[in-house]
2 protein chains.
Amino acid sequence: MTGSGVTNWLGANTPETNRRASTEAATSSRADIPLRDSNISSLIKPQIFSRFWSTGLLDREDLQTLQAQEWTRRTVEARTRFQMGRGFCVLASGLAARYGVSDAEEAQSTALIVPGDICDYSVATGTEPRARLVALTKSSYLWISAEQAIALAENAPNVLAAILAQLVIDRAVSEELLFSIARRTALERTAHFLCELEYRLRRMGLAHGGRFRLPMTQAEIGRHLGLTPVHVNRTMQELRRRHFVRSNGSGVELCDQQNLQQLAAFSPHYLNLSAGPSDQAFDA
Amino acid sequence: MTGSGVTNWLGANTPETNRRASTEAATSSRADIPLRDSNISSLIKPQIFSRFWSTGLLDREDLQTLQAQEWTRRTVEARTRFQMGRGFCVLASGLAARYGVSDAEEAQSTALIVPGDICDYSVATGTEPRARLVALTKSSYLWISAEQAIALAENAPNVLAAILAQLVIDRAVSEELLFSIARRTALERTAHFLCELEYRLRRMGLAHGGRFRLPMTQAEIGRHLGLTPVHVNRTMQELRRRHFVRSNGSGVELCDQQNLQQLAAFSPHYLNLSAGPSDQAFDA
DNA sequence: CGTCAACTTGACTTCACTCAAATAAGGTGG
DNA sequence: CCACCTTATTTGAGTGAAGTCAAGTTGACG
């Protein structure tokens, strides 16, 4: 049944070539980012769409269709809400946080959105937008109208499949955050947060050698991790004291990823579609 | 654009009649369960499918198509894993917990599945199943094969839309749990848990007058709420001491829902598709 | 009637929060 | 370039909510 090119519920058909790359990637070592067909990957322009490609569900034609859409670039000032309306959009630059459906939940962000991430899945699920997105820094996103998105999904079902696949990853990230807040100490939690963010930024080419920009105040980090600003501060200090992390201003460097990952029990498999630790190849 | 019968990305078309019922429901008071077209609702057999209907996305024909599938009923013993494989299934009876993708996460359940809930969305998203489901009591579920599910989605796109809509609610529930664990005290958290569960069971006809069965050990509740069994115990005692809750064995009664909901800051809007507190009707 | 799992209780510990104040860092207008 | 203002970070002392450990107690079931 999964024999040749898994057909998903949407009738989309996974291209064999890309798929195999995906399976190989699963075997790569711990925090390595699965590189697939990198000669193509590097040609993806804007880089934003490389996340779609990395699902392993698109062929080149799909990618071209995606790129051919009439994307509008919109800018959002720091600390202001996204006004997405009904439409589909992908974060192009900056950093944003998603807040829950309840009003009182201003105090807790449920997800961090980095460039390449899909801002809202409401178009794919056919429901009204629920999430409230707030830009943490001046950000920009690429946007197409709901109509165009619907047409896109019809013309290129693989693209819809890729979007839904990202939704699945998004959920896994949420689950990991839930676990982090429920079970990890502040130190482990913060370490995990840094590891995850570094990984996600790195695969978008926004982190190199463990260095990246973290344009969040400690209060914002606290809102994300369920900690008070004061405790975030002390926790970061402890990480620095242990020489796991260095930082100056909004610049962060994970100088001892080995230990940091161990402390956090971080493994990036949940950030990828099919690279579970106990995952067997699902073609044959 | 949202003028007449919103078209979703899947090309499914929302039936006008059902839709209006949905909008009305949004105006009903706090913990009231939106009753819609109840003369039909009560005819739904098995009751399990009433959750699909309640999305407001199906018409009667869709419902019949859904019911006409060759559902297989499968049973799962308490404390054992679901073996769903690639397929689509809905919990028919009992109670189950979902655990995250990481191995270490046995200690934390990310969601509770009650009858009527969809066990796994992997068929809808076209990805491999990731969730691990464990039955808390002897449970049963209705199952169709992936092939049949795909065919169903093609024949009745509204059904797919309804499933994705439930996925959205599922996410909102996760977010609420995240908020609960991050921001609420053990007492508030436990109160919230009870309110949510009562609501969800009530709309499936499994709770009456605040009374329902809660066949979970305190250790399992703790695994769900991020608390130790000991603390769950003390917390439940405090709720009983305040006369908010009564319990004998696995039977629970919320005898002071008013105060319980206030303590928990519980509002069921997140459990419904479009009944947000600050929600305006989106037709007209 | 014995056994095992679940629940309960008490004493102690600790992680993270609170409150309050002191620095440091960033912008802005003069 | 500096004075000023605001926002962010840092530090300290004290508190409290929830965890830990360890020992009962209850209850279901064979």
Side-chain angles (χ1 to χ4, degrees), chain A residues 77-80 95 97 107-108 134-138 178-194 213-242 245-252 263-264, chain B residues 77-80 95 97 107-108 134-138 177 179-194 213-242 245-252 263-264:
Chain A
E77 288 304 315
R79 274 135 237 262
T80 60
L95 196 62
Q108 183 63 35
V134 176
L136 297 177
T137 48
K138 183 165 180 169
L178 181 70
F179 178 76
S180 222
I181 291 176
R183 301 288 163 182
R184 286 194 251 255
T185 65
L187 195 68
E188 295 164 347
R189 205 183 302 175
T190 309
H192 190 275
F193 166 72
L194 293 172
R213 320 231 105 240
L214 178 59
M216 293 172 78
T217 67
Q218 295 182 344
E220 282 161 346
I221 295 172
R223 264 197 291 282
H224 185 61
L225 298 178
L227 295 170
T228 54
V230 175
H231 205 61
V232 171
N233 184 284
R234 294 195 223 269
T235 305
M236 292 292 282
Q237 278 181 59
E238 175 63 15
L239 289 175
R240 283 193 300 250
R241 197 192 61 71
R242 295 193 190 186
V245 169
R246 240 177 299 174
S247 69
N248 58 325
S250 70
V252 175
L263 170 63
Chain B
E77 288 305 314
R79 274 137 238 260
T80 60
L95 196 62
Q108 182 63 35
V134 176
L136 296 178
T137 47
K138 183 165 179 167
L177 180 62
F179 178 76
S180 221
I181 291 176
R183 301 287 162 182
R184 286 194 251 256
T185 66
L187 196 67
E188 295 164 347
R189 205 183 301 175
T190 309
H192 191 276
F193 166 72
L194 292 172
R213 317 232 107 239
L214 178 59
M216 293 172 78
T217 67
Q218 294 181 345
E220 282 161 346
I221 296 172
R223 266 197 290 282
H224 186 62
L225 298 179
L227 295 170
T228 54
V230 176
H231 205 61
V232 170
N233 184 285
R234 295 196 224 269
T235 305
M236 293 293 282
Q237 279 180 60
E238 176 63 16
L239 289 176
R240 283 194 300 250
R241 195 193 62 72
R242 295 193 189 184
V245 169
R246 239 176 300 174
S247 69
N248 58 323
S250 70
V252 174
L263 170 64

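Basis for what follows: all heavy atoms, side chains included, without hydrogens, waters or symmetry-related copies. Each chain gets a letter, A, B and so on, in the order its sequence line appears, and its residues count up from 1.
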(message) Using whole Å, what does the distance between atom P of nucleotide D:dG19 and atom CD of A:E188 come to?
(response) 14 Å

(request) Measure the spacing between CG of A:L136 and CZ of A:R79 and express it to the nearest 0.5 Å. (result) 7.5 Å

(request) Return the value, rounded to whole Å, for the distance between atom CG of A:N248 and atom C1' of D:dT10. (result) 17 Å

(request) Report the C-alpha separation of B:L227 and B:F193 in whole Å, then their side-chain angles, then the decisive distance to 0.1 Å, and conclude whether the side chain to side chain contact (heavy atoms under 4.5 Å, CB included) test is met. (result) CA-CA 12 Å; B:L227 295 170; B:F193 166 72; over 6 Å; no

(message) Quick check for you: to the nearest 0.5 Å, what is the distance between A:R240 atom CZ and A:R246 atom CZ?
(response) 12.0 Å

(request) Rounded to the nearest 0.5 Å, what's the gap from CD on B:Q218 to CG on B:N233? Could you check? (result) 4.5 Å

(request) Round to a whole Å and report the spacing from NE2 of B:H231 to P of C:dC15. (result) 16 Å

(message) Over the length of the helix from C:dC1-D:dG30 to C:dG30-D:dC1, how much do the five-pair end axes diverge, rounded to 10 degrees?
(response) 40°

(request) For A:G226, answer base if it contacts any base atom (sugar-phosphate contacts may also be present), sugar-phosphate if it contacts only those atoms, and nothing otherwise; contact means non-hydrogen atoms under 4.0 Å. (result) sugar-phosphate

(request) Please name the residue in the list B:H224, B:H192, B:R189 that meets the side-chain contact (heavy atoms from CB on, under 4.5 Å) test with B:L177. (result) B:H224

(message) Within the 4.5 Å heavy-atom criterion, are B:E220 and B:T217 side-chain neighbours or not?
(response) yes

(request) Take atom CZ of A:R183 and atom C1' of C:dC15, then tell me their distance rounded to the nearest Å. (result) 15 Å

(request) Let me know the distance between CD1 of B:I181 and C1' of D:dA18, rounded to the nearest Å. (result) 14 Å

Pairs under 3.5 angstrom, nitrogen or oxygen only, protein versus nucleotides 5-9 of chain C, please.
unit_1: C:dA6; atom_1: OP1; unit_2: B:R79; atom_2: NH1; d: 3.4
unit_1: C:dC7; atom_1: OP2; unit_2: B:Q218; atom_2: N; d: 2.8
unit_1: C:dT8; atom_1: OP1; unit_2: B:R240; atom_2: NH2; d: 3.4
unit_1: C:dT8; atom_1: OP2; unit_2: B:Q218; atom_2: NE2; d: 2.9
unit_1: C:dT8; atom_1: OP2; unit_2: B:N233; atom_2: ND2; d: 2.3
unit_1: C:dT8; atom_1: O5'; unit_2: B:N233; atom_2: ND2; d: 3.1
unit_1: C:dT9; atom_1: OP2; unit_2: B:Q237; atom_2: OE1; d: 2.5
unit_1: C:dT9; atom_1: OP2; unit_2: B:Q237; atom_2: NE2; d: 3.0

(message) In whole Å, I'd like the distance from the CZ atom of A:R184 to the P atom of C:dC15.
(response) 17 Å

(request) Quickly work out the A:E238 CD to D:dT11 P distance and round it to whole Å. (result) 13 Å

(message) Set out, in order, the CA-CA distance, both residues' side-chain angles and the distance that settles salt bridge (charged side-chain N to carboxylate O under 4.0 Å, His left out) for B:R242 and B:E238, then state yes or no.
(response) CA-CA 6 Å; B:R242 295 193 189 184; B:E238 176 63 16; 2.8 Å; yes

(request) Would you mind reading off the distance between B:L227 atom CG and D:dA17 atom P, rounded to a whole angstrom? (result) 14 Å

(request) Between A:L187 and A:G249, name the one whose nearest nucleotide on DNA chain C is closer to the 5' end. (result) A:L187

(request) Grab the two heavy atoms, one from B:T137 and one from B:P215, that are nearest each other, plus how far apart they are. (result) CG2-CB, 3.1 Å

(request) Measure the spacing between CG of A:L239 and CG of A:L194 and express it to the nearest 0.5 Å. (result) 6.5 Å

